[in-house]
Visitor: 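Below: one structure in structure tokens.
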Protein chains: 2
Amino acid sequence: MSRPAVKPARRADAQHNAEKILEAAVTCLSRNPDASVSDIAHAAGVGRVTLYGHFPSRADLIEAALARLLGQGDEVLERLDLTGDPREALRVLIESSWLLIAQASAVLEAAQAVLPPGRLHDLHAKPEQRVGDLIGRGQAEGAFRRDLPASWLAGVMHHIIKGAAADVADGRLDRTDAPRFIAETVLGACRPVDEERGPAGH
Amino acid sequence: MSRPAVKPARRADAQHNAEKILEAAVTCLSRNPDASVSDIAHAAGVGRVTLYGHFPSRADLIEAALARLLGQGDEVLERLDLTGDPREALRVLIESSWLLIAQASAVLEAAQAVLPPGRLHDLHAKPEQRVGDLIGRGQAEGAFRRDLPASWLAGVMHHIIKGAAADVADGRLDRTDAPRFIAETVLGACRPVDEERGPAGH
DNA sequence: GACAAGTTGAACAGGCGTGTTCGAGTTGTG
DNA sequence: CACAACTCGAACACGCCTGTTCAACTTGTC
């Protein structure tokens, strides 16, 4: 290999700016999925033209931000041990990545408006799968209720996380309370129901 | 009273069109909170100018649509008997008005962008109160868990309903399954936790 | 049937967001 | 130091949305 890699020799400064822009995009789009390019550039402390220098279009920027976020999420989930008690595993999962999930959901919503649906599915299929698998295992082991599909329960978790993040953003919920509330509620929703609640358990 | 009422003698035709517009606004804004006036007018089978003839501005239209929706909701809740077992009452409430709540939430989201925050609170304070009271009573009677605030549980219900509506709209959930899934999940989330799960019940 | 009420499309002005170009200035890097 | 990489603001064209006016047309109502 004469060339060790495709190295356009990007200046360190530029690299740093690109990072700042992506971070700003995540925070802005989390607050408002319709945030304009000007907003994001301003939040990143960067001129609008500079932003376009790094990302050809708003759609590309959103896709990059989403990919970065999902990458981080996958990384976090990767080093988590989800093989123990499903209840405990789900609690750990929620408490360690609820914020990431909330941000990803928000950016995903923004992406939905500008990216082809197929492209979206490809990006967040992997992390989605991980959650689905965990809940499915919990059902199989009897730790979670079986009268509702795992996909529905996974969706419920997402909706609650998203809602909690919105509550935090609007000041209706304390940020430090959020993870406990979410985990407690989701686990409650997944708990099995004892149909026969008479004195004689089978 | 010489004049029986302030009767501008609106033509029956116009009245009917105004209704069509409001209905179209609800369906359009439910699908996309950023729906344009053109979209709504077209969905109502009406010219854009006609719409402006009925509602001075987009904001007024949204406010009218929201008010109509909340009025319907309040009406439904009014004739419901919510005094019995809180669990049963909550199930009845959900199954009879989940769609209305979902639509109202969507329109409310649209309204959030164009209406002053105070005006919003006034409009949906009453129905909100009803749900909060029911959950609070359930907690007091020991039917619902007390380790989470009633306002949080009410919010969770909203988030799940909203999410379920989105799932239905996107084809991820069968419309006929929705009410059962929602009620079952919300009731599960509200169920009290038995901290001491040893063999010796109290 | 006659008249007013209502509807309609075309066309306009103003605002906002997206991408693009340009020229000048700044700063990292060899 | 010197050059290329990078940044920046101004300004432009384009498209979409809002709200308004106007002149013709249709339709309800008395």
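Here is the naming used below: chain letters follow the sequence lines, and residue numbers restart at 1 for every chain.
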Visitor: I'd like to check His158(A) versus Lys162(A) (side-chain heavy atoms, cut-off strictly below 4.5 Å). Are they in contact?
Guide: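 Answer no - side chains too far apart.
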
Visitor: Whole-Å distance between dC17(D) C1' and Asp34(B) CG?
Guide: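 Result: 12 Å.
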
Visitor: Among residues two or more places apart or on two chains, list those pairs meeting salt bridge (Lys or Arg N to Asp or Glu O under 4.0 Å) that have a residue in residues 99-121 of chain B.
Guide: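 Applying salt bridge (Lys or Arg N to Asp or Glu O under 4.0 Å) to every pair that reaches into residues 99-121 of chain B, excluding sequence neighbours, yields Glu63(B)-Arg119(B).
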
Visitor: Give me each pair satisfying salt bridge (Lys or Arg N to Asp or Glu O under 4.0 Å) with a member in residues 28-47 of chain B, each pair once, sequence neighbours excluded.
Guide: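 Listed by first then second residue: nothing to list.
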
Visitor: Check for a donor-acceptor pair, side chain of Gln139(B) on one end and backbone N or O of Arg145(B) on the other, with a separation under 3.5 Å.
Guide: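 Yes; judged by distance alone, with no hydrogens or angles, the pair exists.
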
Visitor: Suppose the criterion is ring pair (Phe, Tyr, Trp, His ring centres under 6.0 Å): which pairs have a residue in residues 91-138 of chain A, not counting sequence neighbours?
Guide: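 Sorted pair list comes back empty.
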
Visitor: dG19(D) base to Arg48(B) side chain: any donor-acceptor pair below 3.5 Å?
Guide: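 It does, because a donor-acceptor pair links the side chain of Arg48(B) to the base of dG19(D) below 3.5 Å.
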
Visitor: Measuring from Leu148(A):CG to Ile135(A):CD1, what's the distance to the nearest 0.5 Å?
Guide: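 Answer for the CG-CD1 pair, Leu148(A) versus Ile135(A), is 11.0 Å.
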
Visitor: Between the side chain of Ser97(B) and the main-chain N/O of Ile94(B), is any donor-acceptor distance below 3.5 Å?
Guide: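 It does not hold such a pair.
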
Visitor: List the residues meeting side-chain hydrogen bond (donor to acceptor under 3.5 Å, both in side chains) with Arg58(A), not counting sequence neighbours, and say none if there are none.
Guide: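 With sequence neighbours excluded, Arg58(A) shows a side-chain hydrogen bond (donor to acceptor under 3.5 Å, both in side chains) to no residue whatsoever.
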
Visitor: Report yes or no: does Arg48(A) contribute a side-chain atom to a donor-acceptor pair with the main-chain N or O of Ser38(A) at less than 3.5 Å?
Guide: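 Not confirmed, Arg48(A) side chain does not pair with Ser38(A) backbone.
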
Visitor: With nearest nucleotides of DNA chain D determined for Val46(A) and Ser38(B) from heavy-atom distances, which residue corresponds to the more 5′ nucleotide?
Guide: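 On the 5' side of the pair lies Val46(A).
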
Visitor: According to the salt bridge (Lys or Arg N to Asp or Glu O under 4.0 Å) rule, which pairs have a member within residues 121-131 of chain B, sequence neighbours left out?
Guide: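 Salt bridge (Lys or Arg N to Asp or Glu O under 4.0 Å) check on residues 121-131 of chain B returns Asp74(B)-Arg130(B), Glu78(B)-Arg130(B).
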
Visitor: Go along nucleotides 24-30 of chain C 5' to 3' and tag each nucleotide: B for a protein heavy atom under 4.0 Å from its base, S when only backbone or sugar atoms are that close, - otherwise.
Guide: ---BSS-

Visitor: By a strict heavy-atom criterion of less than 4.0 Å, which residues belonging to residues 14-24 of chain A are in contact with DNA chain D?
Guide: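 The stretch gives Ala14(A), Asn17(A) as the residues lying under 4.0 Å from the strand, ordered by number.
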
Visitor: Please identify each residue that fulfils salt bridge (Lys or Arg N to Asp or Glu O under 4.0 Å) with Asp133(A), with sequence neighbours left out.
Guide: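 Expected list: none.
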
Visitor: Using the side chain to side chain donor-acceptor pair (under 3.5 Å) rule, collect all pairs that involve residues 172-188 of chain A, keeping only residues at least two apart or in two chains.
Guide: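 For residues 172-188 of chain A, and leaving out neighbouring residues, the side chain to side chain donor-acceptor pair (under 3.5 Å) pairs sorted by first residue read Arg91(A)-Glu184(A), Asp167(A)-Arg172(A), Asp170(A)-Arg172(A), Asp174(A)-Thr176(A), Thr185(A)-Trp152(B).
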
Visitor: Not counting sequence neighbours, which residues clear side-chain hydrogen bond (donor to acceptor under 3.5 Å, both in side chains) with Asp60(B)? List them please.
Guide: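 Testing Asp60(B) for side-chain hydrogen bond (donor to acceptor under 3.5 Å, both in side chains), a comparison that skips the adjacent residues, returns Ser57(B).
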
Visitor: Quick check on contacts: within residues 49-58 of chain A, what sits under 4.0 Å from DNA chain D by heavy-atom distance?
Guide: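 Those residues whose heavy atoms fall under 4.0 Å from DNA chain D, taken from residues 49-58 of chain A in numerical order, are Val49(A), Thr50(A), His54(A).
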
Visitor: CD1 of Ile40(B) versus C1' of dC17(D): gap in Å, rounded?
Guide: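 Going from CD1 in Ile40(B) over to C1' in dC17(D) covers 12 Å.
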
Visitor: To the nearest 10°, let me know how far the axis at one end of the helix from dG14(C)-dC17(D) to dG30(C)-dC1(D) is tilted from the axis at the other, five pairs an end.
Guide: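 Computed angle between terminal axes is 10°.
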
